[in-house]
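Below, chain A is the first sequence line, B the second, and so on; all start at residue 1.
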2 protein chains.
Amino acid sequence: MTTDDRPIPSVWARPSRGRREQPALSRQQIVAEAVRLLDAEGVDALSMRKLGTRLGAGATSLYRHVANKDELVELAVDEVFGELRAPDMSDPAHWREATIACAQGIRAVILRHPWMASMLGAMAYLGPNLMRLSEDMLAMLEAAGFPLAEANGAMNTVFAYVLGMTGSEAAWLTMLARSGQSEDEWAERLKPAFEDLHRTHPRLSALFTAQADEDPGRRREEEFAYGLNRILDGVSAARTTPA
Amino acid sequence: MTTDDRPIPSVWARPSRGRREQPALSRQQIVAEAVRLLDAEGVDALSMRKLGTRLGAGATSLYRHVANKDELVELAVDEVFGELRAPDMSDPAHWREATIACAQGIRAVILRHPWMASMLGAMAYLGPNLMRLSEDMLAMLEAAGFPLAEANGAMNTVFAYVLGMTGSEAAWLTMLARSGQSEDEWAERLKPAFEDLHRTHPRLSALFTAQADEDPGRRREEEFAYGLNRILDGVSAARTTPA
DNA sequence: CCAGTTAGCGAACACTGTACGCATCGCCGG
DNA sequence: CCGGCGATGCGTACAGTGTTCGCTAACTGG
């Protein structure tokens, strides 16, 4: 137990177990493990060495399958977007429900992998999985009576909203998680500064107190749905065949 | 010239120039220089040592005025949001124009400092400058006939949209800048893959070709304005006194 | 004029991403 | 059967990172 774990250069003890017990490393495996590491320990914990160790490999071995850390992250982002299954877009009459389902799907994916928020602002994402989703949404909106240009505008608007809203949400949640405090503890900690807030920012203060005894998760869901519905209201006028 | 730049421990050559020629270092100065460095060289180039050198100081001196690099970045973000002057919100009848002006102001600020995009997804921003702006916008929307809760929903929706849209925009632009290519060169480079795109994603392909000979900057401006107007359309129904 | 507070700094530590070259493996043509 | 070959993993090394810890030297209040 103590003799053979030291790398003694002896011909007899040479392991010689073929490297091909497993295919050892593959791009898919690396990306999947990277996603797992990011989910578990957050964006700062992703280092090539740690990822290598998790895969039972040296750090630099990863570079045989991935050019950069940046490329690895790009692949991880696309991998996560691959979780998205396009919702049922068969019935054009339900374009609103389908769009809402799609938006909530994206939101759920980002909240499941909060590190995505940090990435999306730092890279122009053009991966195949999101392109497929875009094409499907365009087709659905066109079938629902939107001219292509309007469909594009509507989709971009919805998508930007989802990104912005969910990005802030994810950032807030990871900040909470990192500080190890609950949402209520945070509110409690702000109580002292509240007197000033009420004086200088009465409206913000009123909103805070009004939201104090709601379930935060539920409240965020409803706020997300509220804005989304207003956007769909505004967008629906662009249809050529109203309903 | 070659003799006195070596730190010889001689009492005679002791510099003795009072450290207080300038107040040396201050938090304001550090943050301002950090913003300048971020603007000039991008987010990866911000390191404590480089920033210190720029200020004619050692790297670790900064820690007397700033707790962390993270805190420094937080301060830099708030500093930049300080550029925002709340637009004229005196006339409640022009709430739409005022909101548009505010949104375009935020967009302009982020595009002027594209590194902001990477930060906003990675931190929950609660700085005083944005809080002031939020309070002003709430006041304006309330004066325009929105109940406070609806004003809050509208503001959050608009703000999420601006963040998402402009964030993607900034990410794309910094990617272009880093690759040193122009937008047209990028389109040219994608020409080979275009045949496939047309086959598998006909709608996206159609949109690309339709946008090929527009000025990209103008096009982005218009897309931004389009979505913003749809959102304001959808939101305006929540006013109690319609107009 | 002296004590105490404080700003700045040099050195050091634990890590990071990544380039390079070497060892080793499965395979494949002769 | 076997020798070379391309692919794969990895040890080492390098330049650079954020941050801590004492040390010096200046300013400031009594």
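Taking atom CD of A:Q29 as the reference point, atom P of D:dT8 lies 14 Å away to the nearest angstrom. Put simply, CZ on B:R27 is 17 Å from C1' on C:dG8, counting in whole angstrom units.
Taking every heavy atom of residues 57-65 of chain B and every atom of DNA chain C, pairs under 4.0 Å involve B:A57, B:G58, B:T60, B:S61, B:R64, B:H65, by number. In the region residues 113-123 of chain A, proximity to DNA chain D at under 4.0 angstrom, judged on heavy atoms, holds for none of the residues. Residues of residues 66-78 of chain B having a heavy atom closer than 4.0 Å to DNA chain C: none are found. Using a 4.0 Å cutoff on non-hydrogen atoms, the parts of residues 42-51 of chain A near DNA chain C are A:L46, A:S47, A:M48, A:R49, ordered by number.
To the nearest 0.5 angstrom, A:L173 atom CG is 4.5 Å from A:R220 atom CZ.
A:L133 places a side-chain heavy atom less than 4.5 Å from the side chain of A:I106. Taking 4.5 Å as the limit, some side-chain heavy atom of A:Q29 sits within range of a side-chain heavy atom of A:S26. With contacts defined as side-chain heavy-atom distances shorter than 4.5 Å, the pair A:L62/A:L72 does not qualify. Using a 4.5 Å cut-off on side-chain heavy atoms (C-beta onward), B:Y125 and B:M131 make no contact. Side-chain contact between B:E183 and B:W172 is present, with heavy atoms from C-beta onward closer than 4.5 Å. Inter-residue side-chain proximity for B:L37 and B:K50 is flagged as met; some heavy-atom pair is nearer than 4.5 Å. No side-chain heavy atom of A:T157 sits less than 4.5 Å from a side-chain heavy atom of A:Y161. Considering only heavy atoms from C-beta on, A:R132 comes within 4.5 Å of A:D136 through its side chain.
Residue pairs meeting the side chain to side chain donor-acceptor pair (under 3.5 Å) criterion with at least one member in residues 103-123 of chain A, sequence neighbours excluded: A:D39-A:H113, A:D39-A:W115, A:E83-A:R112, A:E83-A:H113, A:R107-A:E169. The list of side chain to side chain donor-acceptor pair (under 3.5 Å) pairs with a residue in residues 65-75 of chain A, not counting sequence neighbours, reads A:R27-A:E71.
Between A:R218 and A:E214, no side-chain nitrogen of the basic residue sits less than 4.0 Å from a carboxylate oxygen of the acidic one, so the salt-bridge criterion is not met.
Under a 3.5 Å cut-off, the side chain of A:E185 and the backbone N or O of A:S182 do form a donor-acceptor pair.
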